[in-house]
Amino acid sequence: MARASVLVVPSPPRDVETVAGADDGASVAATSREDFRVRCTSKRAVTEMLELCGRVVEKLGDALPEEIREPALRDVQWTFESAVQENVSINGQAWQEASDSFMDSDIKVLEDQFDEIIVDIATKRKQYPRKILECVIKTIKAKQEILKQYHPVVHPLDLKYDPDPERGRACACREG
């Protein structure tokens, strides 16, 4: 039996560039630096987190002696912020290259979420009045049933008016 040989050419990984040779036309694979940075979508959100961490660093600095506290805090804060900026990519861009504003895709996503919320609220506005009406009707019927079962325990007194004006407004009361 003869085996058919199949030529398998592996494709370069995503982090490898193909560079064409000038003389012989051969391709040489040049590896680019693999991107190990944390991928984020909003520079503003990362900045807010940096501010939050800055407050924590300041609280930790309270334990330092007074004479070295301020320079040490400045140094730690600068080191931390620069480390974060070097190790974060905003939509695939380096920190310095990324803009603070919303991208068109971000706005589109927000508009879609807003439309979904509007549809949800409109649906609830149609459904909830019916549900509320049912509950109100049940509550009123329950109150009427409770009132039908109510029987006063105290027996009323018969009051008679005494027409004798000399006695004042005295009443003769008698239980019935």
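The first residue in the sequence is number 1, and the count goes up from there.
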*asked:* Quick check: is I140 connected to I132 through a chain of hydrophobic side chains (ILVMFWY, heavy atoms under 4.5 Å apart)?
replied: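 Yes; tracing contacts between hydrophobic side chains, which count when under 4.5 Å, links both residues.
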*Does one hydrophobic cluster hold both I90 and F80, with members joined at side-chain heavy-atom distances below 4.5 Å?*
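Yes, it is one cluster - the side chains of I90 and F80 are joined through contacts under 4.5 Å.
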*asked:* Between R69 (side chain only) and D62 (backbone N and O only), is there a donor and an acceptor less than 3.5 Å apart?
replied: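 Checked: pair present.
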*Any donor-acceptor pair under 3.5 Å linking the side chain of D75 with the backbone of P71?*
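It does not hold such a pair.
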_Walk me through whether K131 and E134 qualify under salt bridge (charged side-chain N to carboxylate O under 4.0 Å, His left out)._
CA-CA 5 Å; K131 291 179 181 179; E134 292 173 9; over 6 Å; no
*R74/E70 ion pair, N-O < 4.0 Å*: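 Yes, R74 and E70 are salt-bridged.
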*Determine, for R55 against E58, whether the closest basic-nitrogen to carboxylate-oxygen distance falls under 4.0 angstrom.*
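No, R55 and E58 are not salt-bridged.
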Any idea which heavy atoms bring [X] and [Y] closest together, and the distance?
| X | Y | value |
| --- | --- | --- |
| L73 | G61 | CD2-CA, 3.7 Å |
| P129 | K124 | CD-O, 3.9 Å |
| Q85 | Q96 | OE1-NE2, 4.5 Å |

*asked:* Under the rule for side chain to side chain donor-acceptor pair (under 3.5 Å), what residues qualify as partners of E81, not counting sequence neighbours?
replied: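 Listed in chain order: Q77.
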So, taking the atom named [atom1] in [X] and the one named [atom2] in [Y], what distance separates them when rounded to the nearest 0.5 Å?
| X | Y | atom1 | atom2 | result |
| --- | --- | --- | --- | --- |
| W95 | S82 | CH2 | OG | 11.5 Å |
| T139 | K141 | OG1 | NZ | 11.5 Å |
| L147 | Q144 | CG | CD | 8.0 Å |
| I117 | I121 | CD1 | CD1 | 7.0 Å |
| T47 | L50 | OG1 | CG | 6.0 Å |

*Run the side chain to side chain contact (heavy atoms under 4.5 Å, CB included) check on Q113 and L110 step by step: do they pass?*
CA-CA 5 Å; Q113 290 175 350; L110 290 174; 3.8 Å; yes
*For the residue pair E48 and L52, establish whether any side-chain heavy-atom pair is separated by less than 4.5 Å.*
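They are not in side-chain contact.
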